[in-house]
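Every heavy atom of this structure was used, including side-chain atoms; hydrogens, water molecules and symmetry mates were not.
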Amino acid sequence: MAVVKADAYGHGAVKVAGVLERLGCHFFGVSTPAEGVELRGAGITRPILVLGGFSTYECAELVRHDLRPVVFDLGVARALDEEARRAGRRLEFHLKLDTGMGRLGIPASGVAGFLEGLRGCTYLEMEGLLTHLAQADEEDKSASEEQLVAFEKVLPEINRLGYFPQLLHIANSAAILDFSPTLKNLVRPGIMLYGVSPTAGMESKADLQPVMSLSARIMFIKEVAAGGTIGYGGTFVTSRTSIIASVPVGYAHGYFRAFSNRAQALVRGQRAPVVGRVCMDWTMLDVTEIPGASLGDDVVLLGRQGEQQVSSWELARWADTIPYEVVCSIGTRSPRIYISSHGLMEYN
């Protein structure tokens, strides 16, 4: 199951899912019915699982577009059953267990009562059973082992009550890479699909190649005398005569304000520090040490240029966050160029 929620982690869900479906991906995971509807509208035909919660008023849309729900609320389950009855079809669903994440799902102690409450939902069919690991990216796997035991312990009880889910899934990217007992018969790669390790300690577990890069061009360049201030608040003061380049990327594009006076970008294959505060629309770089830096030069804010690379993990450290947030934040204001394995380009 390719997880393509949050616009495929900022990469463009429609394009990503289209490629993965052609490559034979069996299942897609989204967070909301609206994300699933978008994929159906783009021609995706494989099963789509709505992993997140949703309200009863969204049930009709979910049934209409043949989306599979993750169920953990009786009120929503009954609303789904009614919509399936109106549509004259059975609706496959996946039951969510909370084995230790503490976010969504039914605790093991409540499974019997929940399933008894489903007895009247004759148009619902349990296709899958899942849980979500809270600490799979930790070196200490004891918490994940406890979640796995809890998951496996409840399955016989579910069978005893007359439900036989055929798809069992636990493993996210971190578990796929570093905790093989969770693999079962369906896995849910997310961040690793996009070439990013789920944690800084897992880079050696697989040869992950980053999919996304973020680039722009120098649109203005000028010389600033020593003692000149750069940007809002004058948070950077030049200590020498400096060459400052302005690049049309800012926090409205998903390039964080937290990068101010911390991050680096690539110009002519060399690192240039971000100086001053990142603005809504602009970022300034000190290119004094880069010979020949000129108007129109390519600037790589995320990705590789020559022998140098700015990774999502590096950006995350500068912003005190995680790579997930870095890539998910690259919004639609930034035009996307998709490059296939054949070198063809498509703009979106």
Side-chain angles (χ1 to χ4, degrees), residues 1 3 5-6 27-33 35-36 48-56 58-59 62 67-81 91-119 121 124-138 140-176 178-191 198-199 322 324:
M1 178 186 298
V3 179
K5 64 181 181 176
F27 235 107
F28 292 99
V30 298
S31 184
T32 66
E35 290 181 338
I48 298 172
L49 187 68
V50 180
L51 293 161
F54 50 90
S55 300
T56 53
E58 296 175 283
C59 291
L62 190 144
L67 306 175
R68 286 164 164 77
V70 166
V71 169
F72 46 84
D73 179 274
L74 268 179
V76 170
R78 288 165 180 160
L80 285 167
D81 183 69
L91 180 67
E92 295 165 310
F93 74 94
H94 292 219
L95 184 70
K96 177 70 172 285
L97 300 179
D98 179 8
T99 58
M101 181 71 178
R103 186 175 62 183
L104 302 175
I106 307 161
S109 59
V111 167
F114 186 89
L115 294 182
E116 288 296 338
L118 278 184
R119 290 294 182 196
C121 297
L124 299 185
E125 180 177 340
M126 189 188 298
E127 177 188 44
L129 181 70
L130 74 152
T131 194
H132 192 67
L133 297 175
Q135 299 180 46
D137 55 354
E138 301 290 335
D140 181 357
K141 295 293 188 266
S142 57
S144 294
E145 288 166 356
E146 290 176 7
Q147 287 193 251
L148 176 60
V149 168
F151 181 87
E152 293 181 335
K153 188 175 181 180
V154 81
L155 187 56
E157 182 177 15
I158 291 172
N159 294 158
R160 181 180 60 80
L161 291 168
Y163 294 90
F164 301 92
Q166 298 301 302
L167 297 176
L168 307 177
H169 47 116
I170 304 175
N172 53 16
S173 291
I176 292 168
D178 200 38
F179 193 38
S180 58
T182 64
L183 297 182
K184 303 306 176 187
N185 62 0
L186 186 67
V187 294
R188 305 190 303 265
I191 194 71
T199 185
I322 55 176
Y324 297 73

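- In terms of modelled atom types and a separation under 3.5 Å, the side chain of Glu35 and the main chain of Ala6 share a donor-acceptor contact.
- Contact record, Gly29 with Met1: N-CG, 3.6 Å, taken as the closest heavy-atom pair.
- Without hydrogens or angle criteria, Asn172 side chain to Ile176 main chain gives no donor-acceptor distance under 3.5 Å.
- Closest non-hydrogen pair, Ala77 versus Leu118, comes out as CB-CD2, 3.6 Å.
- Between the side chain of Thr131 and the backbone N or O of Leu97, at least one donor-acceptor pair lies under 3.5 Å.
- Between Pro69 and Leu80, the closest heavy-atom pair is CG-CD1, 3.7 Å.
- In this structure, the side chain of Lys96 does not engage the main chain of Leu129 through any donor-acceptor pair within 3.5 Å.
- Using a 4.0 Å cut-off between charged nitrogen and carboxylate oxygen, Glu152 and Lys184 count as a salt-bridge pair.
- Looking at every heavy atom in both residues, Asn185 comes nearest to Gln166 through ND2-O, 2.7 Å.
- No side-chain heavy atom of His132 sits under 4.5 Å from any side-chain heavy atom of Leu51.
- In this structure, Leu148 CG and Thr182 OG1 are separated by 7.0 Å, a value rounded to the nearest 0.5 Å.
- At distances below 3.5 Å, not a single donor-acceptor pair connects side-chain atoms of Glu157 with backbone N or O atoms of Val154.
- For the pair Glu127 and His94, the minimum side-chain heavy-atom distance is below 4.5 Å.
- Of all non-hydrogen atoms in Leu168 and Leu155, the two that sit nearest each other are CD1-CD2, 3.8 Å.
- Across all non-hydrogen atoms, the minimal contact from Phe54 to Val70 is CE2-O, 4.0 Å.
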